[in-house]
**Student:** 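My questions all concern the structure below.
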Amino acid sequence: MKRFFFFILGISIFITARPQLSDKSLTISEQHEFFKLIPSTWDKFKTFLESEESQSTHPYEVFDKLSKLSAINDTIFCIKLMNIAITADYGVDGATYFQDVLHRKMGCTTCLKNKDKDMLNVMLWVISKIMKGDQMRFWQFYWASLSHEEDGGVIDSSHKKEKDRILSAMDKFYPEMKRTASIAYEYFSNGVMFEDWYPYREEYIKSVKPYKLRHKQ
């Protein structure tokens with residue numbers, strides 16, 4: 001199955017001692033060591049974050065280090081980011097941090113003032129190799145207005161230019177993916193009710209008059 005295409009690649013990565021998270025830059029070998037520690041699914045990633053937090057490492061430090069890795073092969077990096085994104089839990093704090101890493105690595109014009117080399121073209125190629133349903137899950141997470149949870153999902157139009165940039169990048173080689181990315185943007189940019197807001201949604205539903213079925217006689 002396409003979905004498991006990237007899990008069976010024989011990728012050799014350095015296996016040495018656990019790198020320490022600190023303010024100093026990681027060496028090339030330390031970057032490979034740290035990258036190998038990052039799991040490829042959200043559940044395992046969440047467990048990893050909890051383990052780091054128990055050692056007094058704030059989750060933000062993990063994501064900050066992840067966003068600054070520069071010695072990892074772009075294809076390998078994109079595969080891991082994609083796998084985490086399509087299995088992500090939107091209702092936890094770490095999701096916002098991870099989404100920021102994803103946007104930075106893909107060169108988001110909204111998130112970055114000084115845009116460096118990005119991995120957009122590589123990521124699009126990687127996404128093109130998975131099933132359409134998982135492509136949708138990726139773009140749903142990418143566009144979800146996670147940072148507006150505290151505001152109850154305030155309309156976020158700031159990524160419209162970013163959406164146009166990505167759709168334009170798809171024109172030549174991946175035109176079939178444009179519809180999926182567009183639909184995900186339409187429904188998930190200000191279209192997600194987060195876990196903390198479930199009570200408000202229930203109150204709203206209860207305030208609506210019961211729907212009465214009408215049958216023709």
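Predicted model only: the values in this text are computed from it and were never measured. FYI, the numbering just counts along the sequence from 1. FYI, side chains are in, hydrogens and waters are out, and symmetry mates aren't considered; it's all heavy atoms of this structure.
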**Student:** Under the side-chain contact (heavy atoms from CB on, under 4.5 Å) rule, what do Asp74 and Asn121 come out as? Steps first, then yes or no, please.
**Tutor:** CA-CA 10 Å; Asp74 284 354; Asn121 290 330; over 6 Å; no

**Student:** I need the Lys36 NZ to Lys80 NZ distance, nearest 0.5 Å.
**Tutor:** 8.0 Å

**Student:** For the residue pair Thr75 and Trp125, establish whether any side-chain heavy-atom pair is separated by less than 4.5 Å.
**Tutor:** yes

**Student:** Within the distance-only criterion (no hydrogens, no angle test), does the side chain of Lys161 pair as donor or acceptor with the backbone N or O of Thr109 below 3.5 angstrom?
**Tutor:**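 Judged by distance alone, no pair lies under 3.5 Å.
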
**Student:** Do the side chain of Gln31 and the main chain of Ile72 share a donor and acceptor less than 3.5 angstrom apart?
**Tutor:**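 The answer is no, because no donor-acceptor pair under 3.5 Å joins these two groups.
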
**Student:** Using side-chain contact (heavy atoms from CB on, under 4.5 Å) as the criterion, point out the one residue from Leu66, Val126, Val122 that pairs with Phe77.
**Tutor:** Leu66

**Student:** Run Leu120 and Met106 through side-chain contact (heavy atoms from CB on, under 4.5 Å) and show every step you take.
**Tutor:** CA-CA 5 Å; Leu120 176 60; Met106 290 178 65; 3.7 Å; yes

**Student:** Got a donor-acceptor contact below 3.5 angstrom from the Ser168 side chain to the Arg165 backbone?
**Tutor:** no

**Student:** Students often mix this up, so state it plainly: with edges at 30° and 60°, are the rings of Phe63 and Phe45 parallel, tilted or perpendicular?
**Tutor:** perpendicular

**Student:** Between Leu124 and Ala169, which heavy-atom pair has the shortest distance, and what is it?
**Tutor:**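 Scanning both residues completely, I find the closest heavy atoms to be CD1-CB, 3.9 Å.
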
**Student:** Going through the distances and angles, do Tyr185 and Glu162 end up as a side chain to side chain donor-acceptor pair (under 3.5 Å)?
**Tutor:** CA-CA 11 Å; Tyr185 179 86; Glu162 172 65 3; over 6 Å; no

**Student:** What I'd like to find out is whether the side chain of Ser67 reaches to under 4.5 Å of the side chain of Asp100, using heavy atoms alone.
**Tutor:** no

**Student:** Roughly how far apart are Ser128 OG and Glu176 CD, rounded to 0.5 Å?
**Tutor:** 7.0 Å

**Student:** Parallel, tilted or perpendicular: which describes the rings of Tyr90 and Phe141, with under 30° parallel and over 60° perpendicular?
**Tutor:**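 Perpendicular: the ring planes of Tyr90 and Phe141 meet at over 60°.
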
**Student:** To check you understand the geometry: which heavy-atom pair defines the closest contact between Ser40 and Asn83, and what is its length?
**Tutor:**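 Looking at all heavy atoms of both residues, the closest pair is O-CB, 3.1 Å.
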
**Student:** List the steps, then state whether side-chain contact (heavy atoms from CB on, under 4.5 Å) holds for Met119 with Leu81.
**Tutor:** CA-CA 11 Å; Met119 302 189 299; Leu81 293 179; 4.1 Å; yes

**Student:** Tell me the closest heavy-atom pair linking Cys108 and Tyr142, and the distance in Å.
**Tutor:**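 So the two residues come closest at CB-OH, 4.0 Å.
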
**Student:** Mark yes or no for whether Gln99, through its side chain, and Ala144, through its backbone, hold a donor-acceptor pair below 3.5 Å.
**Tutor:**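 Checked: pair present.
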
**Student:** Out of curiosity, Lys129 NZ to Met82 CE, how far, rounded to the nearest 0.5 Å?
**Tutor:** 12.0 Å

**Student:** Any heavy-atom pair between the side chains of Trp143 and Ile166 that's under 4.5 Å?
**Tutor:**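 When only atoms from C-beta onward are counted, Trp143 and Ile166 do touch, with a gap below 4.5 Å.
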
**Student:** Determine whether Met123 and Leu102 make a side-chain contact, defined as any pair of heavy atoms from C-beta on separated by less than 4.5 Å.
**Tutor:**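 The answer is yes; the side chains approach within 4.5 Å.
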
**Student:** Counting distance only, does the side-chain N/O of Lys65 pair as donor-acceptor with the main-chain N or O of Phe34 below 3.5 Å?
**Tutor:**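 Checking the backbone N and O of Phe34 against the side chain of Lys65, no donor-acceptor pair under 3.5 Å is found.
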
**Student:** Return the CD to CG distance between Glu61 and Leu49, rounded to the nearest 0.5 Å.
**Tutor:**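 So the CD of Glu61 and the CG of Leu49 are separated by 11.5 Å.
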
**Student:** Please find the pair of heavy atoms, one from Ile127 and one from Met177, that lie closest to each other, and give the distance.
**Tutor:** CG2-SD, 3.9 Å

**Student:** Would you check if the side chain of Thr87 reaches a backbone N or O of Ile84 as a donor-acceptor pair within less than 3.5 Å?
**Tutor:** yes

**Student:** Could you walk me through whether Asp171 and Lys178 pass the salt bridge (charged side-chain N to carboxylate O under 4.0 Å, His left out) check?
**Tutor:** CA-CA 8 Å; Asp171 274 337; Lys178 293 179 66 175; 2.5 Å; yes

**Student:** What heavy-atom pair brings Gln140 and Ala184 nearest, and what distance separates the two atoms?
**Tutor:**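 Scanning both residues, the minimum pair turns out to be N-CB, 3.7 Å.
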
**Student:** What's the spacing between Arg104 CZ and Lys68 NZ if we round to 0.5 Å?
**Tutor:** 9.0 Å

**Student:** Any idea which heavy atoms bring Ile183 and Met136 closest together, and the distance?
**Tutor:** CG2-CE, 3.9 Å

